[in-house]
Amino acid sequence: MKPVSPLSPLEDVVVEKRFTADDIAQRYLKYLRVDVREDLRAAKEILLCRGRKSQLRFFWPPTLAGNGNFYEKLMPNPHYYLAEKWEYGEAIQLLHPQQQVLEIGCGAGDFLQKLVSLGHECIGLEINEKAIQLARDKGLNVRLGTIESYAEAASCKFDVVCAFQVLEHLSEPLAFLRSCLQCLRPGGLLIFAVPNGDGIFASLDVALDMPPHHMLRWNGAAFQFLSQILPVELYDLRNEPISRLHLGMLSSACFNHLSLSQSGWNAFRRKAVSIMASRYWSFFYSDLAMSGHTLLAAFRKTDSDRNPETHP
């Protein structure tokens with residue numbers, strides 16, 4: 001079946017890269033010690049495509065997105081659910097006092113906890129049951145389910161609907177986005193943070209930027225395109241500055257591409273070279289002209305509606 005853009009079904013699509021399911025599975029095993037062979041069993045070849053008009057990059061076929069069980073496999077990684085993220089502070093700057101906020105994919109509730117302490121009224125949605133329990137142990141109102149199912153039964157409109165590091169995981173973003181808007185009052189803010197598709201990790205094809213983890217690669221142009229197909233206007237677009245943490249991650253990701261094993265002497269050499277490279281880059285930290293890991297986009301809901309089918 002010919003690849004179809006998830007944002008505009010009639011737009012031209014170009015195939016940029018081709019991967020085998022086995023190649024991607026080996027990346028997860030080698031670098032994360034996570035077995036995704038069952039998650040990718042439905043596809044022998046996986047394509048990285050780009051919509052010519054939207055500029056959104058997406059993986060095809062769209063049936064490979066991970067489920068709750070997949071994300072439980074990632075929880076033991078101490079860097080997966082970070083309590084502090086750049087986008088949290090940026091999003092808080094956009095809020096007015098005492099607003100009603102819905103966070104989708106809230107994880108263990110770190111952002112919700114910050115909002116509650118500032119006087120906001122919050123609800124979180126999550127599909128990872130272990131993360132939900134961690135959030136509820138903090139006294140937070142977090143519910144199991146997707147935004148699509150929640151929107152069908154929602155009886156109130158929120159001032160802000162947000163999702164951090166969620167939008168890139170979806171294979172059908174339009175259904176997700178329309179459900180977000182259904183829960184948002186007119187004039188309310190829709191806030192997303194995603195890995196920057198034009199940032200420092202964009203060309204490395206690291207395991208976590210591929211199915212079953214990431215299905216989409218967003219950039220500024222793709223976010224600007226949303227105002228052509230949805231009742232929103234782009235209110236703010238922010239690039240995370242390059243950080244020393246990400247420099248270390250970048251050096252590790254680069255050297256992960258070397259054909260050295262992850263055990264014994266080779267693993268030690270890989271780690272040593274990675275640390276030296278990270279320290280070298282950190283010395284020139286202030287001079288690096290790189291975009292950081294995350295892109296934050298804020299939209300304001302308008303009254304008009306648009307039909308993506310009319311925008312080839």
* To do: Measure the shortest side-chain to side-chain distance between W218 and P173 over non-hydrogen atoms and say whether it is less than 4.5 angstrom.
  => yes

* Structure fact -> R52 and V14 have their tightest heavy-atom pair at NH2-CB, 4.0 Å

* Asked: Between A297 and L234, what is the shortest heavy-atom contact and its length?
  -> CB-CD1, 4.2 Å

* Ignoring hydrogens and angles, tell me if any N or O in the side chain of N128 forms a donor-acceptor pair with the backbone of G107 under 3.5 Å. => no

* To do: Quick one: do E84 and K114 satisfy salt bridge (Lys or Arg N to Asp or Glu O under 4.0 Å)? Show the steps, please.
  => CA-CA 10 Å; E84 296 293 336; K114 294 178 185 295; 2.7 Å; yes

* Does Q99 reach the main-chain N or O of V101 with its side chain, forming a donor-acceptor pair under 3.5 Å? -> no

* **Flag if over 12 foreign heavy atoms under 6.0 Å of NZ, K17** => yes

* Given side chains that start at C-beta, do those of L177 and F192 come closer than 4.5 Å, heavy atoms only? -> yes

* Asked: Side chains of I46 and P211: does their closest heavy-atom pair fall under 4.5 Å?
  -> yes

* Asked: Can you find a pair of side-chain heavy atoms, one from K85 and one from E240, that are under 4.5 Å apart?
  -> no

* Any side-chain donor-acceptor pair under 3.5 Å between T20 and E45? -> no

* Residues R143 and N141: side-chain donor-acceptor under 3.5 angstrom -> yes

* Between E11 and S5, a side-chain donor and acceptor under 3.5 Å -> yes

* Close aromatic pair by centroid cut-off 6.0 Å: F111 and Y88 -> yes

* Do side-chain atoms of H214 reach the backbone of H169 as a donor and acceptor pair under 3.5 angstrom? -> no

* Test log, rule salt bridge (Lys or Arg N to Asp or Glu O under 4.0 Å), inputs D12 and K53 -> CA-CA 7 Å; D12 291 334; K53 186 173 183 180; over 6 Å; no

* To do: For the residue pair T146 and S149, confirm or rule out a side-chain donor-acceptor distance under 3.5 Å.
  => yes

* Provide the closest heavy-atom pair for E126 versus V142 in the form atom of the first, atom of the second, distance. => CB-CG1, 4.2 Å

* Decide yes or no for F225 and S8: does some side-chain heavy atom of the first lie under 4.5 Å from some side-chain heavy atom of the second? => yes

* Asked: Can D39 and K73 be said to form a salt bridge (Lys or Arg N to Asp or Glu O under 4.0 Å), step by step?
  -> CA-CA 12 Å; D39 301 275; K73 297 177 188 177; 3.5 Å; yes

* Please work out whether the ring planes of Y28 and F70 are parallel, tilted or perpendicular, with thresholds of 30° and 60°. => perpendicular

* To do: Evaluate the side-chain proximity of V160 to Q100: yes if any heavy-atom separation is below 4.5 Å, no if none is.
  => no

* Would N196 and N239 count as having a side-chain donor-acceptor pair, cut-off 3.5 Å? -> yes

* Distance-only, no hydrogens or angles: does the T302 side chain make a donor-acceptor pair with backbone N or O of P231 under 3.5 Å? -> yes

* Structure fact -> Rounding to 0.5 Å, atoms CG (D198) and CG (L295) come to a distance of 8.5 Å

* To do: Decide whether E87 and Q165 meet the rule of one side-chain donor and one side-chain acceptor closer than 3.5 Å.
  => yes

* **Trace of the salt bridge (Lys or Arg N to Asp or Glu O under 4.0 Å) decision for R27 with D22** => CA-CA 9 Å; R27 294 178 191 225; D22 183 65; over 6 Å; no

* Joint cluster assignment, V206 & L29, ILVMFWY side-chain distance < 4.5 Å -> no

* So do L7 and I229 actually touch side chain to side chain, heavy atoms under 4.5 Å? -> yes

* Is a side-chain N or O of S227 found less than 3.5 angstrom from the main chain of E233, in a donor-acceptor match? -> no

* Any ion pair linking E168 and R217 (charged N to carboxylate O, less than 4.0 Å)? -> no

* Asked: Can you find a heavy atom in the side chain of L167 that is under 4.5 Å from one in the side chain of F176?
  -> yes

* Asked: Could you state the interatomic distance from CG (L94) to SG (C162), rounded to the nearest 0.5 Å?
  -> 10.5 Å

* Structure fact -> When every non-hydrogen atom of M215 is compared with those of L64, the smallest separation belongs to SD-C, 4.0 Å

* Return yes if a side-chain donor-acceptor contact under 3.5 Å exists between Q26 and R37, otherwise no. => no

* **Considering all heavy atoms, the nearest L216-P6 contact** => CD2-CG, 3.9 Å

* What are the two closest non-hydrogen atoms of V4 and W60, and how far apart are they? -> N-CZ3, 3.4 Å

